[in-house]
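As the structure is a computational prediction, the values presented were derived from the model and not from experiment. Below, each value reflects all heavy atoms present in this structure, side chains not excepted, and no hydrogens, waters or symmetry copies. Each chain gets a letter, A, B and so on, in the order the sequences are listed, and its residues count up from 1.
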2 protein chains.
Amino acid sequence: MNLAIIAPSKDVKDWVETFKKLDPSLTISVFPAIERYDRIDVVVLWQHPHGILKQFPNLKLICSMGSGVDHIITDPDLPGNIPITRIVDPRLTFSMTNYVVMGILNFHRQFLRYLEDKTNKVWDMSNPEIDIQVGVMGAGQLGTDVLDKLKALGIPALAYGNSLKDNYQHPYFYGEELDYFLKQVNVVVCLLPLTPQTTGFLNLKLFKKFNRGTYLINVARGKHLVEEDLLTALSEGYVSGALLDVFQQEPLPKTHPFWEHKAITVTPHIACITMYQAAVPQILDNIQRLAASNPLKNQINLSLGY
Amino acid sequence: MNLAIIAPSKDVKDWVETFKKLDPSLTISVFPAIERYDRIDVVVLWQHPHGILKQFPNLKLICSMGSGVDHIITDPDLPGNIPITRIVDPRLTFSMTNYVVMGILNFHRQFLRYLEDKTNKVWDMSNPEIDIQVGVMGAGQLGTDVLDKLKALGIPALAYGNSLKDNYQHPYFYGEELDYFLKQVNVVVCLLPLTPQTTGFLNLKLFKKFNRGTYLINVARGKHLVEEDLLTALSEGYVSGALLDVFQQEPLPKTHPFWEHKAITVTPHIACITMYQAAVPQILDNIQRLAASNPLKNQINLSLGY
């Protein structure tokens, strides 16, 4: 098989070495050094230049280097008939959940308040906890893991998704139950997939439905959030604070108001990072499945967008 | 029954009201307004003036207002033959574990680093996680809950205690296995009871056995920690940082070096606070058990000290 890695923003040296070590028979090209586009069977993508995929006349498989595929399916020139797979990495789930639980507990136990009290040498024992009920938007693999872990911690939590789920193991709301769902919670975690329907979903209209002072955690995609609407929601009290790992533009520009906003905590898209150690074997497995005409693993459903 | 509450540092109005509401037949005095010491059957204590207990000739039961009893058993004039009970509050365990898990996750995901990066508008995605293995010192009810919750989160953790435990549900070390235990971990949580044996247990000799850069969380008692030794251990790199909720002197004096130390996070003894709503019914239950000559609940073993 001939494989091309197209990930202009990434250093893929470790990926190439791991592919070669695990399957010396593979031929690997790294964009832009691809000599014969017509010989490529499989592309491995992270934020590829849109439009480039139509230059591969014999493409048989498209693999995302991460768990998200929005960078792929937003390409208007995406070939419609080629399967797309994504990475499901237990380590990635572990990292994501730890980050989210950290953010939830820091709100619950008011970690930022105590840091500020420390700066001012203030010893204030009053009201040491904020009672919380957590709403997780997005009940896929990542959202479900967060809900499982919160349940183990004894922290009440509910899920919201965009489709009916039968026998889901946590309280679950969908579609028009959004208002009802939001009225139950004072922490909202966004783990939605990025689709045309969820782009800009975290906007002022939504924030106005929050219980006043709700805390927002966005670890999905920057494009879920209308950033200026968050600033309005903070100044008007719908939202009391936010932990954000993803942004419309990354790295976050130095002039962006989030950097200096006291109630917003910014992290540099590190909630989870796909490890090549986990990803490369999964891509190789799918290449072998493709060669043997076996069903692919973690193939995405293009009509759902995830 | 005649009850006296002796807690000079606390506002006990809510306690008195709750006692009266739940058992109108009780007679309640609040120190120092105790008219007839000889009529008191039960004392409810928080940091009572040592020596005062011998003034109660007809005392039948001593109740701690919290989960700790070190404030009682350190009284050199403690009557030896009167049972002592403590509070076991599931809400208290919930609060304590949440605080500890928050501290562990903040170290694991380097929350303080990202806050500093935010102040400096730095976008640095490198090395977003510190791999952790947690050592919990103290495998009583609180320590075990922390270990249970860490296991649910998938975070490896071991326990250390001072006595042999059979069939304990987590990896457990005791006594002279201390060095071996410490070599496995890079986060140490102190949840030991305060006894003569554990006073000053967190000292430089112990810190020198840590893996370099170990993170310390003390939520037990201030007297577990030799505070100047922590400063030495931080400057020499045995310890990389600490989250401290308890101190030798509380409130922490304004001149104390911990306030300004960058690697030490200080909180004002709020990891868990005993709620009168949970505590009063437990004390009443024991008063009824005493009257009926039934076995007391959560009675402490004076020879163990907890």
Going by the side chain to side chain contact (heavy atoms under 4.5 Å, CB included) test, name the single residue among B:V266, B:I270, B:T265 that passes it with A:Y114. B:I270
B:H108, B:H256, B:K151: which one forms the most heavy-atom pairs within less than 4.5 Å of chain A? B:H108
Give me the atom names and distance for the closest heavy-atom approach of A:G154 to B:F94. O-CE1, 3.4 Å
Is B:L115 close to chain A through its backbone or its side chain, or both, or neither, when contacts mean heavy atoms under 4.5 Å? side chain
Given A:D148, A:N98, A:I155, the one with more heavy-atom pairs under 4.5 angstrom with chain B than any other is A:N98
Heavy-atom side-chain contact between A:F111 and B:L112 under 4.5 Å: yes
Per-residue contact mode, B:N106 against chain A (heavy atom under 4.5 angstrom): both
Tell me whether A:K149 contacts the main-chain N or O of B:K149 through its side chain, where contact means a donor paired with an acceptor under 3.5 Å. no
Can you tell which part of B:D145 gets under 4.5 Å to a heavy atom of chain A, answering side chain, backbone, both or neither? neither
B:H269 versus chain A, the contacting section by heavy-atom distance below 4.5 Å: both
Are more than 12 heavy atoms, taken from residues, nucleotides or ligands other than B:E260, located less than 6.0 Å from that residue's CD atom? no
Does atom NZ of B:K223 have more than 12 heavy-atom neighbours from other groups under 6.0 Å away? no
Shortest non-hydrogen contact from A:L105 to B:L105? CD1-CD1, 4.5 Å
Heaviest contributor of heavy-atom pairs below 4.5 Å to chain A, chosen from B:A152, B:P251, B:P128, is B:P251
Donor-acceptor contact below 3.5 Å, side chain B:K254 vs main chain A:V122: no
Heavy-atom cut-off 4.5 Å, strictly under: side chain, backbone, both or neither for A:T119 against chain B? neither
At a 4.5 Å cut-off on heavy atoms, which part of B:F107 comes close to chain A: side chain, backbone, both, or neither? neither
Toward chain A, the part of B:I104 with a non-hydrogen atom under 4.5 Å: neither
For the candidates B:Q110, B:R113, B:E129, which exhibits the highest count of non-hydrogen atom pairs separated by less than 4.5 Å from chain A? B:E129
Would you say A:K118's side chain and B:H261's backbone share a donor-acceptor pair under 3.5 angstrom? yes
Per-residue contact mode, B:Y99 against chain A (heavy atom under 4.5 angstrom): both
Is A:R109 reaching over with its side chain to a backbone N or O of B:M102, donor-acceptor style, under 3.5 angstrom? no
Do other residues, nucleotides or ligands put more than 12 heavy atoms under 6.0 Å from the CD atom of B:Q277? yes
